[in-house]
Amino acid sequence: QVQLVESGGGLVQAGGSLRLSCATSGRAFRYSSVAWFRQAPGKEREFVAAMDWREFSTLYADSVKDRFTISRDNTKNTVYLRMNSLKPEDTAVYYCNFVTWSNPMDGMDSWGKGTLVTVSS
């Protein structure tokens with residue numbers, strides 16, 4: 001059974017930074033592509049960033065490009081999201097999931113509880 005446990009969220013002022021973590025289990029992490037998603041209050045969940053399993057390719061939503069960086073540690077089965085220059089519109093619950101690189105904007109497994117990021121103006 002796949003488990004996804006996100007952490008690292010919190011309250012931060014606009015312009016600040018946070019690093020989110022997602023500990024995973026239940027899949028061969030080393031050979032799996034991973035992604036971050038977010039859901040703002042009253043909105044649908046949206047894609048944020050993805051990284052393929054070979055670490056050769058990354059993909060970012062236009063709204064976070066050049067501010068967010070996805071990375072992974074295959075020894076810890078963990079994916080990270082470094083968020084810089086945060087804006088109030090980045091406020092959301094952030095989730096991670098496994099994805100296929102042919103369809104990186106759809107999570108493959110059941111969603112975890114997510115981690116809340118609140119950016120104050």
S.K.: Rounded to the nearest 0.5 Å, what's the gap from CG on L18 to CG on L11? Could you check?
M.R.: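 The CG atom of L18 sits 9.0 Å away from the CG atom of L11.
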
S.K.: Please state whether the rings of Y94 and F68 are parallel, tilted or perpendicular, taking 30° and 60° as the class boundaries.
M.R.: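 Tilted: the ring planes of Y94 and F68 meet at 30° to 60°.
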
S.K.: Search all heavy atoms of F98 against all heavy atoms of S32 and return the closest pair with its distance.
M.R.: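 Between these two residues, the closest heavy atoms are CD2-CB, 3.5 Å.
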
S.K.: Is a side-chain N or O of R82 found less than 3.5 angstrom from the main chain of T69, in a donor-acceptor match?
M.R.: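 No, because the side chain of R82 does not come within donor-acceptor range (under 3.5 Å) of the backbone of T69.
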
S.K.: Quick check for you: to the nearest 0.5 Å, what is the distance between S71 atom OG and R19 atom CZ?
M.R.: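 Reported value, rounded in 0.5 Å steps: 6.5 Å.
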
S.K.: Are L4 and V79 linked, directly or through other ILVMFWY residues, by side chains that come within less than 4.5 angstrom of each other?
M.R.: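 Yes, L4 and V79 fall within the same hydrophobic cluster.
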
S.K.: Taking the six-membered ring of F37 as reference, does the NZ or CZ atom of R45 fall below 6.0 Å from its centre and within a 45° cone about the axis?
M.R.: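 No, cation not above the ring by the 6.0 Å, 45° rule.
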
S.K.: Here's one to test your reading of the geometry: is the NZ or CZ of R54 within 45 degrees of the ring axis of W101 and under 6.0 Å from its centre?
M.R.: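 No, R54 does not sit over the ring of W101.
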
S.K.: I need the L116 CG to T91 OG1 distance, nearest 0.5 Å.
M.R.: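 Taking CG in L116 and OG1 in T91, the distance rounds to 8.0 Å.
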
S.K.: Which atom pair, heavy atoms only, marks the closest approach of P104 to L59?
M.R.: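 For P104 and L59, the tightest heavy-atom pair comes out as CG-CD2, 3.7 Å.
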
S.K.: May I ask you to decide if S7's main-chain N or O and S21's side chain share a donor-acceptor pair within less than 3.5 Å?
M.R.: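 No; zero donor-acceptor contacts below 3.5 Å.
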
S.K.: Do Y60 and V119 sit in one hydrophobic cluster, given that two such residues count as connected whenever their side-chain heavy atoms are within less than 4.5 Å of each other, even indirectly?
M.R.: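 Yes, it is one cluster - the side chains of Y60 and V119 are joined through contacts under 4.5 Å.
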
S.K.: Of D73, I70, V34, which meets side chain to side chain contact (heavy atoms under 4.5 Å, CB included) against Y80?
M.R.: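 For Y80, the side chain to side chain contact (heavy atoms under 4.5 Å, CB included) test succeeds with only one of D73, I70, V34, which is D73.
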
S.K.: How far apart are the C-alpha atoms of K76 and F29, what are their side-chain angles, what is the distance that settles it, and do they pass the side-chain contact (heavy atoms from CB on, under 4.5 Å) test?
M.R.: CA-CA 9 Å; K76 297 180 179 179; F29 184 85; over 6 Å; no

S.K.: With a 4.5 Å limit on heavy-atom distance, are the side chains of R38 and V64 in contact?
M.R.: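 Answer yes - side chains close enough.
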
S.K.: If I compare all heavy atoms of K113 with all of V93, which pair ends up nearest, and what's the gap?
M.R.: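 Heavy atoms only, the tightest pair is O-CG1, 4.0 Å.
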
S.K.: Taking all non-hydrogen atoms of both residues into account, name the closest pair between S85 and S17 and its distance.
M.R.: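 Smallest heavy-atom distance, with atoms named: N-OG, 4.3 Å.
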
S.K.: W36 and E6: side-chain contact (heavy atoms from CB on, under 4.5 Å), yes or no, with the steps?
M.R.: CA-CA 10 Å; W36 284 94; E6 301 91 349; 4.1 Å; yes

S.K.: Quick one: do D90 and M83 satisfy side-chain contact (heavy atoms from CB on, under 4.5 Å)? Show the steps, please.
M.R.: CA-CA 9 Å; D90 295 318; M83 306 185 295; over 6 Å; no

S.K.: Can you find a side-chain donor-acceptor pair between D52 and S33 that sits under 3.5 Å?
M.R.: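 There is no such pair between these side chains.
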
S.K.: Hey, mind stepping through C22 and T24 against side-chain contact (heavy atoms from CB on, under 4.5 Å) and telling me if it holds?
M.R.: CA-CA 6 Å; C22 174; T24 77; 3.9 Å; yes

S.K.: Sub-3.5 Å donor-acceptor pair from the side chain of N97 to the main-chain atoms of D109, do we have one?
M.R.: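 Flag set: sc N97 to bb D109 pair under 3.5 Å.
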
S.K.: Within the side chain of T58, is there an N or O that forms a donor-acceptor pair under 3.5 Å with the backbone of M51?
M.R.: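 No: the side chain of T58 does not pair with the backbone of M51.
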
S.K.: Does a salt bridge link K65 with D62, judged by any charged N lying under 4.0 Å from a carboxylate O?
M.R.: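 Answer for the salt bridge query: yes.
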
